[in-house]
Student: 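Sending over a structure as structure tokens; questions will come in a sec.
Letters A, B, ... are given to chains in the order of the sequence lines, protein chains preceding strands, and every chain is numbered from 1.
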Protein chains: 2
Amino acid sequence: MKQDKTYATGQNITADDVATAAGVSRWTVNRAFQKNASISAKSREKVMQAALALGYVPDMRASSLASSRSNLVALLVDDFSNPHKLVMMERLTRILRQNGWDTLLVNTLSRDDTDDALLNASQRRVDAVILIGIQFDDDVLKTARGAGQFRQLIIYARISQHPNTISIAVDDKHAMTEIAEYVLSRGYTRPMFLAGPLTYSAHLIRHETFMNFWKARTGCTPESIGVRAYDSQMAYDRVVKSLSGREPADFPDIIVCENDSLAIGATDALRHHFKLRVPEDIAITGFDDVPQAASPNYNLTTYRQPLTKMAEYLVEVLDNRASDSEDRLFNGHLVIRDSA
Amino acid sequence: MKQDKTYATGQNITADDVATAAGVSRWTVNRAFQKNASISAKSREKVMQAALALGYVPDMRASSLASSRSNLVALLVDDFSNPHKLVMMERLTRILRQNGWDTLLVNTLSRDDTDDALLNASQRRVDAVILIGIQFDDDVLKTARGAGQFRQLIIYARISQHPNTISIAVDDKHAMTEIAEYVLSRGYTRPMFLAGPLTYSAHLIRHETFMNFWKARTGCTPESIGVRAYDSQMAYDRVVKSLSGREPADFPDIIVCENDSLAIGATDALRHHFKLRVPEDIAITGFDDVPQAASPNYNLTTYRQPLTKMAEYLVEVLDNRASDSEDRLFNGHLVIRDSA
DNA sequence: CGTCATTTTGCACGCGCGTGCAACACATTT
DNA sequence: AAATGTGTTGCACGCGCGTGCAAAATGACG
């Protein structure tokens, strides 16, 4: 049944073909496909009919080349193990597309690869590069080849100190304060903080905020442990290692996690390794509200970022409709479930 | 600290600029950036140094326009709720990029949107469109505008009856037979099959295979239920509804799920709603081996698709190195854990 | 040192479309 | 009917690079 090896229908149809078919000039054809072009409704109609009949589709490579705007953004992602990335990618690509932007997905294999990934984006002359990852640090950006080719560099869901960069992120300080207030108000007294990689200052905010808050409000410095990646398995192992051999009295009564991946790993460790109950024996909080957090198995108390608002603001920035090019922090909200 | 509003370093540098700087013609410059170009090592060196000094990056829009090959593929994804999609996307983008292919990620919002998504890909003149989704059916493809613009249409991780299309997928029949053999060999006698959306024939294979196998080998027809989407929550609700009010003797002793998302929802339902143990009271099998399946919480017996091999074969097809343009089915392997 | 095979380089032309301006058509006003 | 204004259309030129071929440079060999 499968015959044709290619899916193509012969040679490409250009605006010229449509022009002769519609009895207008080529420029009128292209105008018909532009948004705010000066063209009469009548001739646009003629053009569109001819285009449909011929199966003409404008070539954005050529239009981009001529207009020097590509309506393309590169999305650099370096951590596919965190399920929250999937949520972010869905939201971003959806809202970008609804606003006329296409997305080039670049899988940044490792930290050393960032440079290559940026080069990749440059070659396509994307209008902006969006970074959603954890390995991108300011040094990499500074020395990146081809970094001069794109107009905007946007750090999404993270803060960056790098100049010429816009951060669109949740206000970690505000968010973590809200979590800490909640933890305190629920009467927990021996919290432990489970942090992710503490390589860059931007990652420290949640950690610092919680520690400072707790110290200021109770006088005590909470215990704190960390892992090298936002990975459930690592969190599991780390919690096991940290709590093994302790007297029950020395256990924390709640583990405040930097994100849901860690929280899930911690929960599994408490339940399956230590045979403890969550939240009865030890409570847990997370951050992100990944889909799994809502499952009856975890019922995780967590913090939801306003991803839609953030994506919409991103579009504003891309369209140069944003009032300024400063960083923008958003507030999400605490999602209270059973885990704490 | 953040001063410059744009990241651009003035106007674009073209091959001409590099040419004058290196003392060669523009064509030599471009040759230096081509793979198998006829150019001496000496002048390539000269060019590369000048290019580096000026920060020149070749413009793929122009090269694509001139050569009519874009080295770009569109990845159409329509179901971001399944965590396995994240795994597939990571593998695909990684291997594609390692082989010189860029990926345009198109979030296909709904079934009606497929047409628009394909149009989107056409406008960028991608060399191929890769479909990893469940909503794409043959009717949509038939009537798609702009479908004639790309050379190849590849259905990934699913079978399609559509001509002019290549499927790269796991051999569902073989895989499900392996699962069924295992279930039988472990002595289960009252299996229930939990299926996903049964809209297209391609989705029925796993279901049919299991049902036929069991009937042939035991003479009994297993019970079978289904949900409208590959969603854990739906699976949870469906299992609750199906088993509520039954006598314990009428419970299945194993639930064979079409994929891990459903298996996870089923597991949660058994544990949290019915307070049953998995696998002691009722066992579970899944399909895909999502990261979560390996967690100590689920320990899911499941089937892993050879995603790397599949992606590598995809590259072969894109490079026209594949022996033929027929569908290609791969075998994965059973991953035995505790859940069954 | 000359001849020929081979590699390397330069170039006219084209890929498909946008920009800015000039020419044109039409409706409105005096 | 002429003059004015508004909306619409056509066109020269350029965006940056690849293709195929011819000219030039290089190397091999007698």
Side-chain angles (χ1 to χ4, degrees), chain A residues 8 10-47 50-51 54-72 122-127 146 148-150, chain B residues 8 10-48 50-51 54-72 122-127 146 148-149:
Chain A
Q11 68 282 26
N12 294 334
I13 308 146
T14 80
D16 271 313
D17 303 329
V18 180
T20 56
V24 297
S25 73
R26 175 178 71 75
W27 292 271
T28 311
V29 172
N30 289 9
R31 276 199 190 88
F33 283 90
Q34 288 169 29
K35 196 75 183 180
N36 298 318
S38 155
I39 184 174
S40 68
K42 198 166 51 182
S43 42
R44 171 169 269 155
E45 180 63 22
K46 268 197 303 185
V47 168
L54 295 176
Y56 167 73
V57 176
D59 188 331
M60 292 204 61
R61 296 172 305 180
S63 81
S64 165
L65 192 58
S67 69
S68 69
R69 281 178 303 98
S70 59
N71 272 277
L72 223 203
S122 293
Q123 292 181 163
R124 299 282 175 190
R125 296 295 191 273
V126 298
D127 287 331
Q149 297 288 357
F150 36 82
Chain B
Q11 68 281 23
N12 295 333
I13 308 146
T14 79
D16 272 312
D17 304 329
V18 180
T20 56
V24 295
S25 72
R26 174 177 72 73
W27 291 271
T28 312
V29 172
N30 288 89
R31 277 199 190 90
F33 284 90
Q34 288 170 27
K35 197 75 183 180
N36 297 318
S38 155
I39 184 174
S40 67
K42 196 167 52 180
S43 43
R44 171 169 269 152
E45 180 63 22
K46 270 197 302 186
V47 168
M48 285 311 193
L54 294 176
Y56 167 72
V57 177
D59 189 331
M60 292 204 59
R61 297 172 304 181
S63 82
S64 165
L65 192 58
S67 70
S68 70
R69 280 178 306 100
S70 59
N71 272 276
L72 223 205
S122 293
Q123 292 181 163
R124 299 283 175 189
R125 296 295 191 273
V126 298
D127 287 332
Q149 297 289 358

Student: Classify A:Ser64 by what it touches in the nucleic acid, base, sugar-phosphate, or nothing, heavy-atom distance under 4.0 Å.
Tutor: nothing
Student: Roughly how many Å is it from CG in B:Asn30 to P in C:dG10, rounded to a whole number?
Tutor: 12 Å
Student: Mind checking A:Ser38 for me? I need base, sugar-phosphate or nothing, with any heavy atom below 4.0 Å counting as a touch.
Tutor: base
Student: Does B:Asp17 have any side-chain contact (heavy atoms from CB on, under 4.5 Å) partners at least two apart in sequence or in another chain, and if so, which?
Tutor: B:Ile13, B:Thr14, B:Leu54
Student: Return the minimal non-hydrogen interatomic distance between B:Val47 and B:Ala22, and the atom names on each side.
Tutor: CA-CB, 4.2 Å
Student: Does the side chain of B:Arg44 come within less than 4.5 Å of B:Val24's, by heavy atoms?
Tutor: no
Student: To the nearest 0.5 Å, what is the distance between CG on B:Leu65 and CZ on B:Arg125?
Tutor: 9.5 Å
Student: Without decimals, in angstroms, what is the distance between B:Arg44 CZ and C:dT7 C1'?
Tutor: 14 Å
Student: Nearest whole angstrom, please: distance from the C1' of C:dG16 to the CE of A:Met60.
Tutor: 13 Å
Student: Which residue lies toward the 5' end of DNA chain C, B:Ala62 or B:Ser40, if each is placed at its nearest nucleotide?
Tutor: B:Ser40
Student: Rounding to a whole Å, what distance do you find between B:Asp59:CG and D:dC15:P?
Tutor: 12 Å
Student: Which residues pass the side-chain contact (heavy atoms from CB on, under 4.5 Å) test with A:Asp127, sequence neighbours left out?
Tutor: A:Arg69, A:Ser70, A:Trp101, A:Arg151
Student: Would you tell me if any nitrogen or oxygen in the side chain of A:Thr28 comes within less than 4.0 Å of OP1 or OP2 on D:dG10?
Tutor: yes
Student: Rounded to whole Å, please give me the gap between CZ in A:Arg61 and P in D:dG14.
Tutor: 23 Å
Student: In whole Å, I'd like the distance from the NZ atom of B:Lys42 to the P atom of C:dT9.
Tutor: 8 Å
Student: How would nucleotides 19-25 of chain C be written as a contact map, 5' to 3', with B for base contact, S for sugar-phosphate-only contact and - for no contact, using protein heavy atoms under 4.0 Å?
Tutor: BB-----
Student: Under the side chain to side chain donor-acceptor pair (under 3.5 Å) rule, collect the residues that match up with B:Arg61, sequence neighbours excluded.
Tutor: A:Ser64, B:Asp59
Student: side-chain contact (heavy atoms from CB on, under 4.5 Å) with A:Ser40: which residues, sequence neighbours excluded?
Tutor: A:Lys42, A:Ser43
Student: When you check the phosphate oxygens OP1 and OP2 of D:dG10, does a side-chain N or O of A:Ser25 lie under 4.0 Å from one of them?
Tutor: yes
Student: Nearest-nucleotide wise, let me know which of B:Val24 and A:Thr14 is further upstream toward the 5' end of DNA chain C.
Tutor: B:Val24
Student: Return the CD1 to CZ distance between B:Ile39 and B:Phe33, rounded to the nearest 0.5 Å.
Tutor: 10.0 Å
Student: What is the distance, to the nearest angstrom, from the CG atom on B:Leu65 to the C1' atom on D:dG14?
Tutor: 13 Å
Student: Is B:Ser63 near enough to D:dG16 that one of its side-chain N or O atoms lies under 4.0 angstrom from OP1 or OP2?
Tutor: no
Student: So do B:Thr28 and B:Lys46 actually touch side chain to side chain, heavy atoms under 4.5 Å?
Tutor: no
Student: Provide, to the nearest angstrom, the distance between the CG atom belonging to A:Asp16 and the C1' atom belonging to C:dC15.
Tutor: 12 Å
Student: How large an angle, rounded to 10°, do the end axes of the helix from C:dC1-D:dG30 to C:dT30-D:dA1 enclose when each is built from five base pairs?
Tutor: 30°
Student: By side-chain contact (heavy atoms from CB on, under 4.5 Å), which residues pair with A:Ser63, not counting sequence neighbours?
Tutor: A:Met60
